[in-house]
Amino acid sequence: MNAYVPILVLGALAAAFAVFSVVTAALVGPKRYNRAKLSAYECGIEPTPQPVGGGRFPVKYYLTAMLFIIFDIEIVFLYPWAVHFDSLGMFGFVQMLIFVGLIGVAYAYDWRRGGLEWD
């Protein structure tokens with residue numbers, strides 16, 4: 001348990017700082033509300049009314065999200081592998097080649113479906 005104490009202390013400090021920042025900003029920050037500040041912001045475009053059941057999102061949003069998740073997960077696994085590359089040997093190298101190959105398949109799928117094209 002002693003090995004986890006620094007991690008728990010760091011987590012508690014991070015949570016305390018986050019709560020402190022939000023509370024301080026709410027108490028000290030300016031409170032000049034107007035119609036423009038209270039309206040929904042959509043990149044400068046006036047919001048349009050949505051259908052009753054909600055609007056359908058284009059597939060491009062999901063492809064962009066999938067691309068983000070692909071590279072996010074890749075980095076999460078590549079960093080520890082790079083740190084312990086010497087101790088893993090050929091087995092770790094082959095496993096990472098397979099992993100990067102699967103990531104490449106997902107990347108090729110996203111590219112083929114138009115996830116990298118901006119209109």
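Start at 1 with the first residue, then count along the sequence. Given the structure is predicted, the values throughout are model-derived calculations rather than measurements.
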*Which residues share a ring-ring contact (aromatic ring centres under 6.0 Å, His included) with Phe99, sequence neighbours left out*: Phe77
*ring-ring contact (aromatic ring centres under 6.0 Å, His included) involving Phe85 - partner list, sequence neighbours excluded*: Trp81
*Any side-chain heavy-atom pair from Phe68 and Thr64 closer than 4.5 angstrom?*
no
*Could I get the full list of side-chain contact (heavy atoms from CB on, under 4.5 Å) partners for Leu67, not counting sequence neighbours?*
Phe71, Tyr107, Asp110, Leu116
*From Glu74 atom CD to Leu78 atom CG, the distance as rounded to the nearest 0.5 Å*: 5.0 Å
*Linking Ile, Leu, Val, Met, Phe, Trp and Tyr through side-chain heavy atoms less than 4.5 Å apart, which residues share a cluster with Val9?*
Val5, Leu13
*Check which hydrophobic residues are tied to Ile75 through side-chain heavy-atom contacts below 4.5 Å, counting indirect links as well, and list them.*
none
*Are Leu97 and Val105 joined in one hydrophobic group, where the rule is that I, L, V, M, F, W and Y side chains link up if heavy atoms are under 4.5 Å apart?*
no
*Under the criterion side-chain contact (heavy atoms from CB on, under 4.5 Å), which of Gln95, Met96, Met90 is the partner of Phe93?*
Met90
What donor-acceptor contacts under 3.5 angstrom involve side-chain atoms of residues 16-31, with partners at least two apart or in another chain?
residue	atom	partner	partner atom	Å
Ser21	OG	Phe17	O	2.9
Thr24	OG1	Phe20	O	2.7
Lys31	NZ	Ala26	O	2.8
Lys31	NZ	Leu27	O	3.3
Lys31	NZ	Gly29	O	3.2

